[in-house]
Each structure stands twice: as structure tokens, then as C-alpha cells.
Visitor: 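The structure is given below, and queries will be raised subsequently.
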There are 2 protein chains.
Amino acid sequence: MPHTLETGLAALKQVMNTKVVFTEAEWADIASRWHYHFLPKGEHQIMPGQMEEYIYFIISGATRIYHISAKGEDITLAFSYDNTFTGDYGSFLTRRKATFYNQAVSDCHLLRCKYIDINELHDKYQKMERWTRLGLEELLVGMLVRQVEMLSAPAEERFARLLRQSPHCFQLYTQKHIASYLGIQPETLSRLKRRLKKTQDTRLRNN
Amino acid sequence: MPHTLETGLAALKQVMNTKVVFTEAEWADIASRWHYHFLPKGEHQIMPGQMEEYIYFIISGATRIYHISAKGEDITLAFSYDNTFTGDYGSFLTRRKATFYNQAVSDCHLLRCKYIDINELHDKYQKMERWTRLGLEELLVGMLVRQVEMLSAPAEERFARLLRQSPHCFQLYTQKHIASYLGIQPETLSRLKRRLKKTQDTRLRNN
DNA sequence: AAAATAACTTGACCTACATCAATGCGCCAC
DNA sequence: GTGGCGCATTGATGTAGGTCAAGTTATTTT
């Protein structure tokens, strides 16, 4: 029986142990606080105005965190998929109302853990506090890289880099959403794709 | 005697206590690991390729964290000033070589703490681990807000918001640096300023 | 205080990307 | 299958902001 609590916890354990190694007793306590949850394709895990009560771990599936701007534009902020965490961290961490949408773009098999459980774990185990700290550090470094790229690289380069570093995203998400993640319009992404293919074709022909 | 170790530690204590309240004994241990450092205007606290050995607390002064892109563009990522922390967090946290410059734009009176001391404090006190976690959470939320703004708001709005929320930055930093922080050219910022003043003037005249 | 240097302003022109619009294509519903 | 709908492509045109250049004003440096 794939994608249920057991297999999910095994995946979660492996992911968590890459940062901090928990004892079996600690792990048992942690594991007991995560619960299976299913989110069908198209449904929202959270919407602006709600409180983010859980942090989510994706066993399998894909979600998209986005924001609707003042002008009504749909802006994709992050992609989440197998073996990654998701949710509106801002809301979850600060206990303020969510500002983002998080939508399943395919059926999602999830584990989730309540805020109070995460908090209790933080109180109970220094290691848990450290695990979260290390996770936040990683997130922060990633966001800095993205920030630099958005400010310094033109659309074409940002696209090329995403294609190189996260090709699977082009399978999981529509071009519309990838475009908004890259900060451009779908039409522009379409044209970039064609241009890139053309230059690759001519390169092939010349070699 | 202003801006020396004592006054600096008093400021640091106050800032740290807003997140986690330390006992006097804990604080004494923490305080003993921070040391005064002076960075004259124009000098760099760190440059790409170096290892960030310290985390810095600014008693007084201002620095600018920036990056030189592949095309040679100077991109300002963050401003730091009195009572804030600074440094290349990415390098400091991950122990990899710095990718950013951090330059004093005015004489800086600093406190700094070595990586190993921070680490020892993390090992020794769960509270310290929590303090760092909460600090990272705050940083992360701020970066998310900025990311959304960069993707959704046009230059004029980003400028107006910075002017509203951080007017002191316009005293501390040159327009060139503020422009690069906003993701525009200095010429564009100059034009935006004029346009904004014009609309404000007409509004005044009509009231 | 003069000279040198850097910052800011303004104008003319240019380009990357947006917008609008038309057409074609896949995909799900029934 | 076939009707419908959202997604992708392509073309024509618009525009925010970039680039280049010249002049002005601050700010250092000597």
C-alpha cells in the first residue's frame, strides 16, 4: 500500500535525518505527531485570511504557492513536490493570517503536523529546535540566490537556469505557472522556449 | 564614552531579549563572546571568496550588502544599520565562501561574534538555538514580502513603499544604491522622485 | 579654496517584455 | 465521438524602464 502513513513516515524520517540524527525514542515521539492527509488535485491547502495550522510534508504530488497581487495578477512564489515541505510558512511561524494560496496541481499524499505539536517538539528537544533552524538556514540561502537572480539575470537566463536545475518542474507545472514564477508572461516564456530551441538546433547542426 | 563595548552590549542585550529572555548567567556567557570592532567608512567587512567568520551587530553606522553580477552590475541586496545584524549569512551559516560584499557606507562601530562561539552557544543553550530560529523566521518572512513586491509591484510603487517604510534609508544611502536595491537604474529613480514630488505638489495645491 | 571625483539630473533614443488579439491544440465531460 | 474550455503559440503593437550622453551639483582630497 503505497503513499500511506507508514511509507510517508519512512520518507520523512530519511529527510529529517539528513540534518539532525534523532534517537529512536525521539523519532517515535516526532512520528506520532504527523498524520496522513489527502489533498485532491485542484484543491487549496490554504488561502489568504485563513490561519496555517499545519506544516506539510509531501509524500507524493505537487503544489504551487502563489499570491494574487493588487492588480489581480497570479504570482507563483514556490513549487513543492515529493519529499519537500510546504505550507504558508509565514502564517505558520508568525501565527498571523495567511497571505498566500497553496494549491495542489496533482493529487497530493501528505503528512501534516500541527503547530502546537511542532512547538512542543521544539520545547522538548533541542535537536528539534536545531533541525528547524538548519532548515530555515537552507531556505534562506535558497531565497537569497533567487533574489540575486531575479535582480541580475534577464528572463532568458532565469528560464535557462530553471530548465537546467529543475527540469522536472516543466513536467509538473503548466507554463503559465512557470512563467509567473520567473516573473514574465506566458507569451514571453513561449517565445523564449522557441528561441532556445532554435539556438540549440543550429548548434547541433554545426557540430 | 559612546559606542564602545559596554554601550554596544547593552544595546545587543535589549535587542536579543525581545525574542528570548536570557538569565543573567546566560547573558554573561553570551556577552563575553562578543567583541568590539571598528570598520571605517568605505571598507569591506567581507568580499566574495572569503569565509565569513563573524556575525556582526551594528552599534552605530550603516553597511550595504551587495553582489556584482556576471555583467558587472552592482546589486544591493540589503541595508544594515544601528541595532541590526549584518554579515554574509549564507557564508557564515553554511561555512562556504562568501558570495556577497558587505561594505561600510559610514564609520561602523560593531560588535562581532565568531562562528565557533555562536555554535558553542547553540550547543549550550536551547534558548540560544531558539533565538536564532526566531531571528531566521523573521528574516524569512521579510524576504517573502520583498519577493512578492519585486514580482508584483512596478518600480514606482516599490520606491513609494520604501520611502514610506524606511525613509531613513534615503539619508544613509546614495540613490545609486537605493536604485539597485529597488531593481532599477539611478536615472529611473531620479525620474520617479520628480514625478512623485510633482503629484504631491499638485495634491497640496488642490487642498 | 581649488581641483578632482563622485553623485544626481535631464533629455533623446532604444529594447525587452507586456498587452492585445487571433488561431490552434490538447483534454475532459457527456 | 463532439462540444467546450483552458492552455499554448504566434503576430502586431505599446510601454516601462534601460542606455547613452551631456550638464549640474555635491562631496572629498589636497
Side-chain angles (χ1 to χ4, degrees), chain A residues 40-43 62 64 66 68-76 79 103-107 149-163 169-201, chain B residues 40-44 62 64 66 69-76 79 103-107 149-163 169-201:
Chain A
K41 173 175 177 173
E43 303 248 314
R64 175 178 82 92
Y66 67 98
I68 304 294
S69 78
K71 276 147 245 89
E73 291 171 310
D74 176 323
I75 294 154
T76 300
F79 298 125
Q103 185 184 34
V105 300
S106 62
D107 282 353
E149 196 174 71
M150 292 301 295
L151 283 166
S152 66
E156 184 160 6
E157 269 175 55
R158 302 201 297 271
F159 164 58
R161 160 129 13 137
L162 185 65
L163 193 57
C169 282
F170 289 83
Q171 312 311 114
L172 296 173
Y173 301 97
T174 64
Q175 298 206 8
K176 202 173 65 161
H177 297 150
I178 288 172
S180 87
Y181 178 77
L182 292 171
I184 57 179
Q185 297 307 113
E187 293 94 328
T188 304
L189 181 53
S190 178
R191 285 181 246 269
L192 288 180
K193 265 175 52 181
R194 186 157 56 137
R195 268 185 19 212
L196 194 74
K197 208 195 290 182
K198 236 179 220 165
T199 61
Q200 282 180 341
D201 287 355
Chain B
K41 174 174 177 174
E43 304 249 311
H44 283 87
R64 175 178 82 93
Y66 67 99
S69 78
K71 277 148 247 87
E73 291 171 310
D74 176 323
I75 293 155
T76 300
F79 298 124
Q103 185 183 33
V105 300
S106 61
D107 282 353
E149 196 174 71
M150 291 302 294
L151 283 166
S152 67
E156 183 160 6
E157 269 176 54
R158 302 200 297 271
F159 164 58
R161 162 130 11 139
L162 184 65
L163 192 57
C169 282
F170 290 83
Q171 312 311 114
L172 296 173
Y173 301 96
T174 64
Q175 298 206 8
K176 201 173 66 161
H177 298 149
I178 288 173
S180 86
Y181 178 77
L182 292 171
I184 57 179
Q185 297 306 114
E187 293 95 327
T188 303
L189 181 54
S190 178
R191 286 183 245 268
L192 288 180
K193 264 174 53 182
R194 188 159 54 139
R195 270 189 11 217
L196 195 75
K197 207 195 290 182
K198 237 178 218 166
T199 61
Q200 284 180 340
D201 285 357

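In what follows, chains are A, B, ... by sequence order, proteins preceding strands, each numbered from 1.
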Visitor: Students often mix this up, so state it plainly: with edges at 30° and 60°, are the rings of A/Tyr181 and A/Phe79 parallel, tilted or perpendicular?
Guide: tilted

Visitor: Whole angstrom is fine here: how far is it from CD in B/Gln171 over to P in D/dT27?
Guide: 12 Å

Visitor: Is it the case that the base of C/dT10 and the side chain of B/Arg195 share a donor-acceptor contact (distance under 3.5 Å, atom types as modelled)?
Guide: no

Visitor: Rounded to whole Å, how long is the line connecting atom CD of A/Gln175 with atom P of C/dC25?
Guide: 16 Å

Visitor: With a 4.5 Å cut-off on side-chain heavy atoms, are B/Leu163 and B/Leu196 touching?
Guide: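 Counting from C-beta outward, B/Leu196 and B/Leu163 do come under 4.5 Å.
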
Visitor: For a quick check under 3.5 Å, do B/Ser152 and A/Ser69 share a side-chain donor-acceptor pair by atom type?
Guide: no

Visitor: With a 4.5 Å heavy-atom cut-off, do A/Gln175 and A/Lys193 have their side chains touching?
Guide: yes

Visitor: Let me spell it out: for each of A/Glu156 and A/Lys41, pick the nucleotide of DNA chain C with the closest heavy atom. Which residue's pick is nearer the 5' end?
Guide: A/Glu156

Visitor: Could you check how far CD of A/Gln185 sits from C1' of C/dC20, rounded to whole Å?
Guide: 12 Å

Visitor: Quick check on C/dT10: is either OP1 or OP2 less than 4.0 Å from any side-chain nitrogen or oxygen of B/Arg194?
Guide: yes

Visitor: Should B/Lys176 be listed as having a side-chain N or O under 4.0 Å from OP1 or OP2 of C/dC8?
Guide: no

Visitor: Just checking B/Pro154: base, sugar-phosphate only, or nothing, at a heavy-atom cut-off of under 4.0 Å?
Guide: sugar-phosphate

Visitor: What is the distance from CD of A/Glu187 to C1' of D/dA12, rounded to the nearest Å?
Guide: 13 Å

Visitor: Separation of A/Leu189 atom CG from D/dT9 atom C1', in whole Å?
Guide: 11 Å

Visitor: Answer with base, sugar-phosphate or nothing: what part of the nucleic acid does B/Gly42 contact at a heavy-atom distance below 4.0 Å?
Guide: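 Contact class for B/Gly42: none.
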
Visitor: In whole angstrom, what separates A/Glu73's CD from D/dA16's P?
Guide: 14 Å

Visitor: Rounded to whole Å, please give me the gap between CZ in A/Arg64 and C1' in D/dC7.
Guide: 14 Å

Visitor: OP1 or OP2 of C/dA18 sitting under 4.0 Å from any side-chain N/O of A/Thr188?
Guide: yes

Visitor: Figure out the CD1/P separation between B/Ile178 and C/dA7, and round it to whole Å.
Guide: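 Value for this atom pair: 13 Å.
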
Visitor: Over 60° means perpendicular and under 30° means parallel, so tell me whether B/Tyr66 and B/His44 are parallel, tilted or perpendicular.
Guide: tilted

Visitor: Can you identify which nucleotide, out of C/dC17, D/dG17, D/dA8, has its nearest atom closest to the A/Thr174 side chain?
Guide: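 Nearest nucleotide to the side chain: D/dA8.
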
Visitor: C/dC17, D/dG11, C/dT10: which one has an atom nearest the side-chain heavy atoms of A/Ile184?
Guide: C/dC17

